[in-house]
Q: 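Here it is, the structure, as structure tokens.
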Amino acid sequence: MRLLTHNMLSSNIKGVTNGFPLRIEVEKVVEKEVDLNPDFLRSMFSKIDWKALVHAARSIGYSELPDEADPSMLDSDDFLSRFHHALLQLHLEEGVLICPETGRRFPVNKGIPNMLLHEDEV
Amino acid sequence: MRFKTAQIRLVSSHPEVYEPCDDSFALVDALLADRSKLIEHKPKLCMEVGCGSGYVITSLALLLGQESNGVQYFATDTNPYALKVTSETLEAHGVHAELISTDIASGLEKRLAGLVDVMVVNPPYVPTPEYEVGREGIASAWAGGEDGRSVIDRILPIADNLLSDKGWLYLVTLAANRPLQICLQMRQKGYASRIVLQRSTDEESLHIIKFWRESDTQ
């Protein structure tokens, strides 16, 4: 699971109002190199919750993102490569996503988060 | 190694996962028929709901390219075995999609709203008794309840929420699902539609319908 996906996932338990971002408990992180596409990063920037990305990256061991970011930074190759690395190249392979409101744990196995709910949670 | 669509010999399998069949081939053929439009469309985020064996999302990824082309893929399924098989199918073709074990798009609906440029859905469309819908394992791949519409009717509003302004939805339907009525229903939400492909097999008459927001001129 890439941090792009983490940035798009919220706790889906019935009644939860503040289900984003999910906290990350890490067991295993893998890095997979992929091509950098500046246009993709520039268009995704406004869709990404930056703070959540910074925290998620830090919790899986990558601290090279600036705390604050604004669109002018998208002109910098250095910024783009860090953004690219955090968003697409780091994968949470094994671990847990934790609902910030209820503490409900969503396991991540082989890179696949399990967001399936029990009947009483829907 | 790059292929035009997923290769059957490289598609993984499991007894509890629906294998690529006429409906899967019809959907991929519809995507191929729309290939130049899809490439011109320049989607950034693509998604499949109910990826099963992974045949369709793999084919879409082969058709549109990966990171270097600036495209990302998400695929969901309620059947954990399906995600395992999809992951193997993707890997065998050297492509990647982000996989999420969930019901339709649960957990993604808030943050992914309005971001999906291409969505493909081969839903459980077979008319069955209502109690067969939502069962675990392979039955979840076909059991569609009354008129085969139970799951389709749950997916459509979610698709509407997730699709971007320029978003396209490709949906597999059976004649028994009353596709025209689906189109009218989507028209009320502001969508135009077109049958991209129609195919009759021994057992079923399939329509692949494409939906797009009427405000978006094609």
Side-chain angles (χ1 to χ4, degrees), chain A residues 1-14 16-22 30 32-49 52-53 80 84-85 87-89 91-93 97 99 104 106-119 121-122, chain B residues 42-47 51 54 61 64-88 90-91 94-117 134 136 140 154 158 161-162 164-166:
Chain A
M1 187 194 81
R2 288 172 166 158
L3 294 189
L4 167 68
T5 302
H6 172 264
N7 214 275
M8 296 299 156
L9 274 179
S10 312
S11 170
N12 48 355
I13 295 170
K14 188 187 172 186
V16 166
T17 53
N18 186 25
F20 179 86
L22 297 159
V30 293
K32 290 176 198 164
E33 206 174 309
V34 289
D35 293 337
L36 184 153
N37 182 305
D39 289 341
F40 176 80
L41 295 171
R42 289 190 185 108
S43 83
M44 279 312 289
F45 180 75
S46 62
K47 321 285 198 279
I48 293 297
D49 183 307
L53 181 65
L80 284 183
H84 171 73
H85 186 67
L87 194 69
L88 303 178
Q89 297 199 137
H91 297 248
L92 180 65
E93 194 69 9
L97 303 174
C99 170
R104 160 73 144 90
F106 300 96
V108 179
N109 296 124
K110 296 196 168 134
I112 304 172
N114 183 352
M115 304 302 292
L116 290 171
L117 299 174
H118 306 298
E119 262 174 45
E121 296 172 316
V122 184
Chain B
K42 294 197 171 62
K44 294 238 165 6
L45 300 184
C46 300
M47 179 174 185
C51 53
L64 288 172
Q66 293 267 289
E67 287 80 12
S68 55
N69 289 356
V71 199
Q72 288 291 321
Y73 302 88
F74 295 94
T76 68
D77 207 295
T78 54
N79 177 355
Y81 298 116
L83 293 165
K84 183 178 175 284
V85 169
T86 292
S87 143
E88 290 162 359
L90 287 160
E91 203 181 331
V95 292
H96 179 83
E98 287 288 287
L99 306 181
I100 300 138
S101 184
T102 197
D103 178 32
I104 304 180
S106 181
L108 292 164
E109 288 175 64
K110 208 166 151 192
R111 295 272 309 140
L112 201 61
L115 297 185
V116 177
D117 297 320
E136 284 184 9
S140 68
R154 284 181 57 222
I158 296 169
N161 173 47
L162 293 181
S164 68
D165 289 341
K166 67 167 198 178

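Residue numbers begin at 1 in each chain, while the letters A, B, ... track the order of the sequences.
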Q: Considering only heavy atoms from C-beta outward, does the side chain of A/L9 approach that of B/R111 to under 4.5 Å?
A: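 Heavy-atom side-chain distance check fails, nothing below 4.5 Å.
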Q: Using a cut-off of under 4.5 Å for heavy-atom pairs, which of B/T76, B/L112, B/I100, B/V71 has the most such pairs with chain A?
A: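 Of the candidates given, the most pairs with chain A belong to B/I100.
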Q: For A/N7, is it the side chain, the backbone, both, or neither that has a heavy atom closer than 4.5 Å to a heavy atom of chain B?
A: both
Q: Of all of A/L36, A/L117, A/L4, which one pairs up most often with chain B through heavy atoms under 4.5 Å apart?
A: A/L4
Q: Hey, is the main chain of A/A52 close enough, under 3.5 Å, to the side chain of A/D49 for a donor-acceptor pair?
A: yes
Q: Would you mind telling me which of A/V108, A/N12, A/N109 has the largest number of heavy-atom pairs within less than 4.5 Å of chain B?
A: A/N12
Q: Would you mind checking which part of A/L88 comes under 4.5 Å of any heavy atom in chain B, side chain (CB onward), backbone (N, CA, C, O), both or neither?
A: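 When you check distances to chain B, only side chain atoms of A/L88 fall under 4.5 Å.
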Q: With no hydrogens and no angle check, do the side chains of B/Q72 and A/R2 hold a donor and an acceptor under 3.5 Å apart?
A: yes
Q: On the ring face of A/F106, is A/R104 found with NZ or CZ under 6.0 Å from the centre and within 45° of the axis?
A: yes
Q: Report which part of A/L87 has an atom under 4.5 Å of a heavy atom belonging to chain B: side chain, backbone, both, or neither.
A: neither
Q: Is a donor on one side and an acceptor on the other found under 3.5 Å between the side chain of B/S140 and the backbone of B/E136?
A: no
Q: Given a strict heavy-atom distance threshold of 4.5 Å, which part of A/H91 is in contact with chain B: side chain, backbone, both, or neither?
A: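 Contact with chain B involves the side chain of A/H91 alone.
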Q: Has B/N161 got a side-chain atom pairing as donor or acceptor with B/A113's backbone, closer than 3.5 angstrom?
A: no
Q: Among B/K110, B/K42, B/E109, B/E67, single out the residue with the greatest number of heavy-atom pairs under 4.5 Å to chain A.
A: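 The option with the most such pairs is B/E67.
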Q: Once you round to the nearest 0.5 Å, how far does CG of A/L22 lie from SG of A/C99?
A: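 Here the rounded value is 7.0 Å.
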Q: Of the backbone (N, CA, C, O) and the side chain (C-beta and beyond), which part of A/S43 lies under 4.5 Å from a heavy atom of chain B, both, or neither?
A: side chain
